[in-house]
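One structure is given here, and the rest of the page talks about it.
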Amino acid sequence: MMTPLELLAPAKDLECGKAAVDHGADAVYIGAPRYGARDAVGNSIDDIRQLCQYAHLYDVKVYVTVNTILYDDELADTQQMIAGLYGAGVDAILVQDMAILQMPLPPIALHASTQTDNRTAEKVRWLQSLGFKRVVLARELSVSEIADIHRQVPDMPLEVFVHGALCVSYSGICYASQHCFGRSANRGACAQFCRMKFDLVDADGRELEHQRHLLSLKDLNQSLHLEELVAAGATSFKIEGRLKDVSYVKNVTAAYSQQLDALIARHPDRYCRASAGHCTYSFTPNLQKTFNRGFTTYFLNGRQSDIFSPDTPKAMGEYVGRVKEIRRGSFNVAGTATFANGDGLCFINANRELEGFRVNRAEGNRLFPQQMPANLHSGTALYRNNDQEFERLLSRPSAERKIPVTFRLAQTPDGFSLTCRDVTVTIPCEHQQAEKPQRENIIRQLSKLGGTPYECSGVELPDGFNYFIPSSLLADLRRQLVEKLLSESHVESHGACPPNDNAANAAANENYPKNNSYLYNISNRLSQQFYGADRLSAYELHGGDGPIMQCRHCLRYALGCCVKHGGRRPEWKEPLSLRLGDGRMFRLEFDCKQCQMNVYAADGAADGLNKKYKI
């Protein structure tokens, strides 16, 4: 039996969701009206219903994020909202807060969000026992770790991130934004602490690094490694980007769709796409031309250097050449790139900071900036982070998705029938033998499917079929069949119902460690009941004495001083600390046994507790 492979694309809104479908997504994930992990991009139930109707034409699934932790006064609203999402045709919801398992829900599939910190087979098995139908694995896992999870829990579908921005902390257990700014990442309001500048200082106060983006990771790009992930047992491949614009969705979705198609073409007897239809594009997808901070495969094959971007957290874009000759008001570029008026270019200056400028006029490889950058010098490497011509291509209709269909025309006692995909329509018509062959005209009339999701890949006629059927009746048969196919596709499809039995959940949870750690993110009474805790313990309510980040990214390793991995012995005195520009300090702990770097607030407690919600 063939394994369906799913490309899962992001949508910040209905327009992006439809674009994802058009450009080759097998599934789309979009934010709920409230309680998604990106509070800036909620979508109405009506927009989600429209997306479901459009996506289901192509057997594309729609998943909705309801993956923040919840407060007591939000539980009833969340339950009602999920019921509305089910009615809109949503195929599954992504969940972090276990309170949702305690609610009387409609039979909608639950996926365990990466916010539930899914990095071990034990965790995945436990989530399966609770009724989750899919687990979104931690971004930090290697191919071998994914394969090990699949070996131990072979019947749990695994979703992995393949592209986009990376959080430096394991998802769901990052409290830095809450600590510093009172903005909870677990509540969808991350302030991007990890993209800020820090000094790195040792225990003697010696400054080792000055004002660098030491926690800012490059963007993930596994486009050339999908086959390894498939072999490891992953079946859904997720593109990050629910805050990204429609051009990002178009380009990245198209690029990965082509990679998946190529993989399937190499193994046609083993894999297939999880949805219907094929896409044609009016542009050539190019991941370098879309927002990125430089690319990394992260921990795909274990630790590697150069996974972070300490000079800037902003988009660098594609390398386009080096500055060759500078004249007053212009310069030329050594390289093969072509330029257009309005292109955005950037470079790293002598202070290791990103500088950008816009091209006012391009004459071949001679560029005239709007304002000549003072720090631009001969030999400087240039990057293009805004390609005007490429953006123009993506601003227009840039893809078409069609489902190949085969029609079967047959005689009925009082007319003719037309069948496709187990759908049949009939029309009364006199059985009149034709004086000349009708096959070509029948095929021509039935193939006129422009403006529909379908394209005719063949017309089957019974042996000896040679009846005259007026073209108007053939067109009517075709129109009726297409209408019925479209109406059939709008029948709501939902995933299988997960167990939603409090007693069953309690039994499955029996051996799960019980304590009041803030790492459980217990922020409401239903979650408290689920875990058997004696109090609400979420960091957002009480703070916590442990780390505010747990990271696989390790500065000791990144600076070449991890002896365990062959680095030199460090000369600094530990513990090391990160220091923000305002002087706040964050102690680093290197847990070599776990191969993990923990970040602690210097005072060990939260500064910015959310006072709005009372315990």
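Numbering of residues begins at 1 and proceeds along the displayed sequence.
Across Leu127 and Asn118, no two heavy atoms sit closer than the pair CD1-OD1, 3.2 Å. Taking both residues in full, the closest heavy atoms of Ser223 and Gln259 are given as O-OE1, 3.4 Å, listed atom of the first, atom of the second, then distance. For His150 against Ala232, the heavy-atom pair with the smallest separation is CB-O, 3.4 Å. Between Cys346 and Ala315, the shortest heavy-atom contact is SG-O, 4.2 Å. The shortest heavy-atom contact between Val168 and Cys194 is CG1-CB, 3.6 Å. Of all heavy-atom pairs between Asp26 and Leu5, the closest is OD2-O, 3.4 Å.
Leu229 is listed as a side-chain neighbour of Leu300, based on a closest heavy-atom distance under 4.5 Å. No side-chain heavy atom of Asn292 sits under 4.5 Å from any side-chain heavy atom of Thr290. Residues Gln388 and Asn386 meet the side-chain proximity criterion, which asks for heavy atoms closer than 4.5 Å. Here the side chains of Ile149 and Leu141 are in contact, with some heavy-atom distance below 4.5 Å. Using a 4.5 Å heavy-atom threshold, the side chains of His23 and Ser398 count as touching. Annotation: side chain of Tyr63 is in contact with side chain of Leu94 (closest heavy-atom distance under 4.5 Å). Asn186 is listed as a side-chain neighbour of Gln96, based on a closest heavy-atom distance under 4.5 Å. Looking only at side-chain heavy atoms (C-beta outward), Gln222 and Thr297 come within less than 4.5 Å of each other.
Taking a cutoff of 4.0 Å between a charged side-chain nitrogen and a carboxylate oxygen, Glu353 and Lys197 qualify as a salt bridge. Ionic pairing of Asp47 and Arg49 is not present here: no N-O contact between side-chain nitrogen and carboxylate oxygen is shorter than 4.0 angstrom. Of the charged side-chain nitrogens involved, none lies within less than 4.0 Å of a carboxylate oxygen, so that Asp22 and Arg401 do not count as a salt-bridged pair. Ion pairing between Lys238 and Glu6 fails under the 4.0 Å rule for side-chain N and carboxylate O. Ionic pairing of Lys12 and Asp245 is not present here: no N-O contact between side-chain nitrogen and carboxylate oxygen is shorter than 4.0 angstrom.
To the nearest 0.5 Å, atom CG of residue Asp13 and atom CG of residue Leu51 are 10.0 Å apart. Rounding to the nearest 0.5 angstrom, the gap separating the CZ atom in Arg134 from the CG atom in Leu137 is 11.0 Å. The line from CD of Glu540 to NE2 of His179 is 13.0 Å long, rounded to the nearest 0.5 Å. Taking CG of Leu166 as the start and CG of Leu217 as the end, the distance is 5.5 Å to the nearest 0.5 Å. Note that the OG1 atom of Thr65 and the NE2 atom of His111 stand 13.0 Å from one another [nearest 0.5 Å]. Between Ser236 atom OG and Leu8 atom CG the span is 4.5 Å, to the nearest 0.5 Å.
For the pairing with Asp311, the side chain to side chain contact (heavy atoms under 4.5 Å, CB included) check across His213, Met316, Arg293, Arg212 returns one residue only, Arg212.
When the ring-ring contact (aromatic ring centres under 6.0 Å, His included) test is applied to His267, the partners found at least two apart in sequence or on another chain are Tyr271. Remark: Ser305 engages no residue in a side-chain hydrogen bond (donor to acceptor under 3.5 Å, both in side chains) (not counting sequence neighbours). In this view, Ala176 and Cys174, Phe193, Ile548, Met549 satisfy the side-chain contact (heavy atoms from CB on, under 4.5 Å) rule, not counting sequence neighbours.
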Q) Would Asn598 and Gln596 count as a side-chain hydrogen bond (donor to acceptor under 3.5 Å, both in side chains) if you check the C-alpha gap in whole Å, the side-chain angles of each, and the deciding distance to 0.1 Å? A) CA-CA 6 Å; Asn598 297 323; Gln596 179 172 298; 2.8 Å; yes
Q | side-chain hydrogen bond (donor to acceptor under 3.5 Å, both in side chains) assessment of Ser169 paired with Gln550 | A | CA-CA 5 Å; Ser169 176; Gln550 295 181 25; over 6 Å; no
Q | Derivation of the side-chain contact (heavy atoms from CB on, under 4.5 Å) call for Leu101 and Leu130 | A | CA-CA 8 Å; Leu101 274 70; Leu130 295 172; 3.7 Å; yes
Q: For side-chain contact (heavy atoms from CB on, under 4.5 Å), just list the numbers for Ile93 and Leu85, CA-CA rounded to whole Å, side-chain angles, deciding distance to a tenth of an Å, and then say yes or no.
A: CA-CA 9 Å; Ile93 57 173; Leu85 292 170; 4.2 Å; yes
Q. side-chain contact (heavy atoms from CB on, under 4.5 Å) between Arg303 and Phe299: does it pass, once the steps are laid out?
A. CA-CA 6 Å; Arg303 281 206 175 273; Phe299 293 97; 3.4 Å; yes
Q: I would like to know whether Thr68 and Asp97 meet side-chain contact (heavy atoms from CB on, under 4.5 Å); could you show each step before the answer?
A: CA-CA 7 Å; Thr68 66; Asp97 198 318; over 6 Å; no
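At least one donor-acceptor pair under 3.5 Å links the side chain of Glu145 to the backbone N or O of Ser142. Checked by atom type and distance alone, the side chain of Arg552 pairs as donor or acceptor with a backbone atom of Glu140 at under 3.5 Å. Checked by atom type and distance alone, the side chain of Arg187 pairs as donor or acceptor with a backbone atom of Ile69 at under 3.5 Å. With Ser257 contributing its side chain and Ala254 its backbone, the two residues share no donor-acceptor pair below 3.5 Å. The main-chain N or O of Gly172 is never found under 3.5 Å from a side-chain atom of Asp117 such that the two would form a donor-acceptor pair. A donor-acceptor contact shorter than 3.5 Å is absent between the side chain of Glu455 and the backbone of Pro404. The main-chain N or O of Ala189 is found under 3.5 Å from a side-chain atom of Arg183 such that the two form a donor-acceptor pair. Without hydrogens or angle criteria, Asn43 side chain to Gly31 main chain gives a donor-acceptor distance under 3.5 Å. Between the side chain of Asp91 and the main chain of Val62, a donor-acceptor pair closer than 3.5 Å is present. Panel note: side chain Lys61, backbone Ala92; no donor-acceptor pair is recorded below 3.5 Å.
A cation-pi arrangement is absent between Arg242 and Tyr29, since the terminal nitrogen or guanidinium carbon is not both under 6.0 Å from the aromatic centre and inside a 45° cone about the axis. Cation-pi geometry between Arg139 and Tyr298 is not met at under 6.0 angstrom from the ring centre and within 45 degrees of the axis.
Between Phe308 and His553, the distance from one ring center to the other falls under 6.0 angstrom.
Gln115 and Asn67 share no side-chain donor-acceptor pair at under 3.5 Å.
By the 30° and 60° cut-offs, the orientation of the rings of Phe283 relative to Phe390 is perpendicular.
Residue pairs meeting the ring-ring contact (aromatic ring centres under 6.0 Å, His included) criterion with at least one member in residues 215-263, sequence neighbours excluded: His163-Tyr256. Within the structure, every pair that satisfies the salt bridge (Lys or Arg N to Asp or Glu O under 4.0 Å) test and touches residues 253-262, not counting sequence neighbours, is listed here: Asp261-Arg273.
Within 6.0 Å of the NZ atom in Lys314, the count of heavy atoms belonging to other residues, nucleotides or ligands does not exceed 12.
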Below 3.5 Å, can you tabulate the donor-acceptor pairs from side chains in residues 14-21 to any protein atom, sequence neighbours excluded?
none

